[in-house]
Amino acid sequence: ETGVTQTPRHLVMGMTNKKSLKCEQHLGHNAMYWYKQSAKKPLELMFVYSLEERVENNSVPSRFSPECPNSSHLFLHLHTLQPEDSALYLCASSQEWAAYNEQFFGPGTRLTVL
Amino acid sequence: AQTVTQSQPEMSVQEAETVTLSCTYDTSENNYYLFWYKQPPSRQMILVIRQEAYKQQNATENRFSVNFQKAAKSFSLKISDSQLGDTAMYFCAFSLPTLNFGNEKLTFGTGTRLTIIP
């Protein structure tokens with residue numbers, strides 16, 4: 001596997017379910033990101049990890065919980081989601097957490113909340 | 001807060017023609033970075049081109065070039081000799097270097113869906 005991978009690619013869940021999205025990067029990068037992509041809206045940055053240190057984003061509801069056990073893996077734990085949380089969730093990584101760095105994106109997880 | 005505006009939700013052009021995608025942004029800072037990312041259908045988003053604001057020369061990557069107008073806060077993408085593989089969503093993005101951890105984030109526009117017609 002090369003680049004940034006995400007599993008699962010598609011997920012359908014009920015509002016009472018608990019699920020997790022997984023992201024893995026094989027690029028040796030030190031920064032990883034979760035984005036939410038909704039139709040006709042800009043990509044929304046949800047969380048950033050740099051060298052496994054997390055940046056809080058106060059606008060993200062607590063029903064989304066990130067976890068970064070090491071610099072290669074990133075999880076997004078989901079619980080009691082709402083239908084408006086249905087979206088494409090993208091993971092990305094970059095060499096460093098710096099403005100100039102190119103971000104490498106995964107293919108995304110298409111989430112549908114019923 | 002920085003904002004990025006892409007005023008063209010959709011565009012289409014014949015293969016081999018040249019197309020220009022527009023992007024404007026709003027910031028009071030002098031030093032920043034601008035990017036164009038491409039998201040092909042059902043494929044991963046990739047960087048097309050980037051520009052440092054302190055560089056006056058427009059960035060170029062093969063068939064892709066930008067027209068960076070700093071005073072006008074405009075950052076358009078020109079695709080020359082368009083190919084079918086250029087069909088994708090194109091996102092303009094802005095990033096501001098700061099000393100505060102967590103503030104160096106990419107701010108994206110809403111995207112332009114470009115279709116290359118055979």
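Each chain gets a letter, A, B and so on, in the order the sequences are listed, and its residues count up from 1. It should be emphasised that the depicted structure is a prediction, and the values quoted were computed from it without experimental measurement.
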message: Run A:Trp97 and B:Lys105 through side chain to side chain contact (heavy atoms under 4.5 Å, CB included) and show every step you take.
response: CA-CA 9 Å; A:Trp97 172 229; B:Lys105 66 176 185 179; 4.1 Å; yes
field: Any donor-acceptor pair under 3.5 Å from B:Tyr37 side chain to A:Gln103 backbone
entry: yes
- request: Verify, without hydrogens or angle tests, whether B:Arg43 (side chain) and A:Pro107 (backbone) share a donor-acceptor contact under 3.5 angstrom.
  value: no
field: With sequence neighbours excluded, residues passing side chain to side chain donor-acceptor pair (under 3.5 Å) with B:Lys70
entry: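 Checked B:Lys70 against side chain to side chain donor-acceptor pair (under 3.5 Å); matches are B:Asn30.
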Does [X] have more than 12 heavy atoms from other residues, nucleotides or ligands lying within 6.0 Å of its [atom1]?
X: A:Gln82; atom1: CD; value: yes
X: B:Lys78; atom1: NZ; value: no
X: A:Glu84; atom1: CD; value: yes

When you compare the side chain of [Y] with that of [X], does any pair of heavy atoms fall below 4.5 Å?
X: B:Gln39; Y: A:Leu90; result: yes
X: A:Lys41; Y: B:Phe108; result: no
X: A:Tyr33; Y: B:Leu106; result: no
X: A:Glu102; Y: B:Ile46; result: no

query: Which residue pairs satisfy the disulfide bond (SG atoms under 2.5 Å apart) criterion with at least one member in residues 32-97 of chain B, sequence neighbours excluded?
result: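 Listed once each, the pairs are B:Cys23-B:Cys92.
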Could you give the distance from [atom1] ([X]) to [atom2] ([Y]), rounded to the nearest 0.5 Å?
X: A:Lys40; Y: B:Arg113; atom1: NZ; atom2: CZ; result: 9.5 Å
X: A:Leu88; Y: B:Met45; atom1: CG; atom2: CE; result: 8.0 Å
X: B:Phe35; Y: A:Tyr100; atom1: CZ; atom2: OH; result: 7.5 Å

Same apolar cluster (I L V M F W Y, side chains within < 4.5 Å links), [X]/[Y]:
X: B:Val48; Y: B:Val19; result: yes
X: A:Phe75; Y: A:Leu111; result: no
X: B:Tyr32; Y: B:Phe75; result: yes
X: B:Leu47; Y: A:Val48; result: yes

- request: Determine the minimum heavy-atom distance between B:Tyr33 and A:Ala99, stating which atoms define it.
  value: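 Nearest pair, atom of B:Tyr33 first, then A:Ala99: CD1-CB, 3.6 Å.
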field: Region of B:Phe94 in contact with chain A, defined by heavy-atom distances below 4.5 Å
entry: neither
query: For A:Gln6, is it the side chain, the backbone, both or neither that has a heavy atom under 4.5 Å from a heavy atom of chain B?
result: neither
